[in-house]
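Structure first, then comments.
The structure presented is a predicted model; accordingly, all values stated were derived computationally and were not measured. So that the names make sense, note that chain A is the first sequence line, chain B the second, and so on, each numbered from 1.
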Amino acid sequence: MAELDTSGGGKKKGGKVRSKKQSTRVDLTAMVDLAFLLVTFFMLTTTLSKAKAMDLAMPDKEDDQKVEEPIAASRTLTVLLGNDNKLEWFIGVPTEPLSAPAVDGYGKDGFRKVLIEQSKKIKQSTGKDMFVIIKPSDKSVYKNMIDVIDELNITNNKSYAIVDITPVEIDLLKREKIY
Amino acid sequence: MPRVKVPRKSTAIDMTAMCDVAFLLLTFFILTAKPKVEDPVPIDTPASTSQVLLPESDIATITVGGKNKVFFGVEGFEVRKQLLMRMGEKYKTTFTQPEVNKFSVMPNIGVPMAQVKQYLALDGSQMKEFKAPGIPTDSVSNELFNWIHEARIVTKNISGKELRITIKGDSQEEYPTIQRIIAILQKQEVNKFSLITSLRGK
């Protein structure tokens, strides 16, 4: 492999006496050490997994004035994001909700169950998909918003919007002591 | 009893193959590597199940963290150079060539326009210790709006593509800051943007 033919070149008649050649074998251990050191260094300093992104499309501000097809209150689920990783949800409009506002947590056992149950119910009763309105309050954190959008993605609810919260809804949050 | 003598072999191992592999891996890592971009403030990105990868170029990042501080960064040396010049024109500051060059290698900027010149004058270690106050986002001096706006124009001029804007927020960041940034983006009719998240299982 890393050796050259170092045999004395055969025996010739009356050949000169040659000095014995040194082996050309090189000790590669140090080189391997160095190479692996560099490999380790590069592995640790580079980001192997690139950052993932979540696309978010907001409704066009200008279009707000134009009257779009109104979405029936019976198939809108409003989520209010409060403090302390709590959320409150109801169906319909805040002044006369079609279901009593309920407080829930995020994640698998909390909001995801609600989404799955409610979207089924709404699909059955109205024949249309559920529309989710996310209203983060001033007391909620960025993670809460991501969590809600993530749950929506997991439960395959494509129609949602992020809207500013109204004073009536803040009162609802205050009543549940999560504001 | 005669014992079978096992002939001792030399303990020297041929390292050639190992060396080949090691350097092959090394070459691979060097070629695929992109140095980690240091966040200006420690950021713990919230997790999501989204698998969408970010593009490599034509991308701008708005970093939010460390008690509502906002930083802005855009990809590409040429983009950054032109961006600083345009921002200079807008805020009546002229930047020298060394300053522009220095700016072109900075991944993030987080100081108000009035302090940018001062900030660029700092050397490496001073810059690290410098506590950047963040870019003002309030309605009085909405500098973030201009940074984004100019960056979009510059990107459009250079590559002909729309600049993709991403928000990288700390998970404990209060919502009003995010809300303000979304409002700034919507003001210039950027209604589609990405939120950077880390990966989590379902």
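Here the CZ-CG distance, from B/Phe29 to B/Leu24, works out to 10.5 Å after rounding to the nearest 0.5 Å. Interatomic distance, B/Ile165 CD1 to B/Phe193 CZ, rounded to the nearest 0.5 Å: 9.0 Å.
Under a 4.0 Å N-O distance rule, the pair A/Lys123/A/Asp129 qualifies as a salt bridge. Classification of B/Asp58 and B/Arg164 as a salt-bridged pair fails, no side-chain N sitting under 4.0 Å from a carboxylate O.
With chain B as partner, the option from A/Val32, A/Ile149, A/Asp150 having the largest number of non-hydrogen pairs under 4.5 angstrom is A/Asp150. If you tally non-hydrogen atom pairs under 4.5 Å between each of A/Asp27, A/Leu56, A/Ile162 and chain B, the highest count goes to A/Leu56. When B/Ile178, B/Asp20, B/Thr166 are compared by the number of non-hydrogen pairs under 4.5 Å with chain A, B/Ile178 comes out ahead.
For A/Leu81, no part sits under 4.5 Å from any heavy atom of chain B, backbone or side chain. For a residue to count as touching a neighbouring chain, one of its non-hydrogen atoms must lie under 4.5 Å from one of that chain's; by this rule A/Thr40 does not touch chain B. Interface residue B/Ile182: only side-chain heavy atoms are found under 4.5 Å from chain A.
For the pair A/Glu117 (side chain) and A/Val114 (backbone), a donor-acceptor distance under 3.5 Å is absent.
Among residues two or more places apart in sequence or in another chain, the side-chain contact (heavy atoms from CB on, under 4.5 Å) test is passed with B/Thr93 by B/Tyr91, B/Phe95, B/Lys117. Here A/Phe111 pairs with nothing under the ring pair (Phe, Tyr, Trp, His ring centres under 6.0 Å) rule; sequence neighbours left out.
Heavy-atom neighbours of chain B within the stretch residues 138-148 of chain A, taken at a separation under 4.5 angstrom, comprise A/Asp138, A/Ser140, A/Val141, A/Tyr142, A/Lys143, A/Met145, A/Ile146, A/Asp147.
Remark: B/Glu174 CD is loosely packed, at most 12 non-hydrogen atoms of other residues, nucleotides or ligands lying under 6.0 Å away.
Among residue pairs with one or both ends in residues 110-146 of chain B, those qualifying as ring-ring contact (aromatic ring centres under 6.0 Å, His included) are B/Tyr119-B/Phe130, B/Phe145-B/His149; sequence neighbours excluded.
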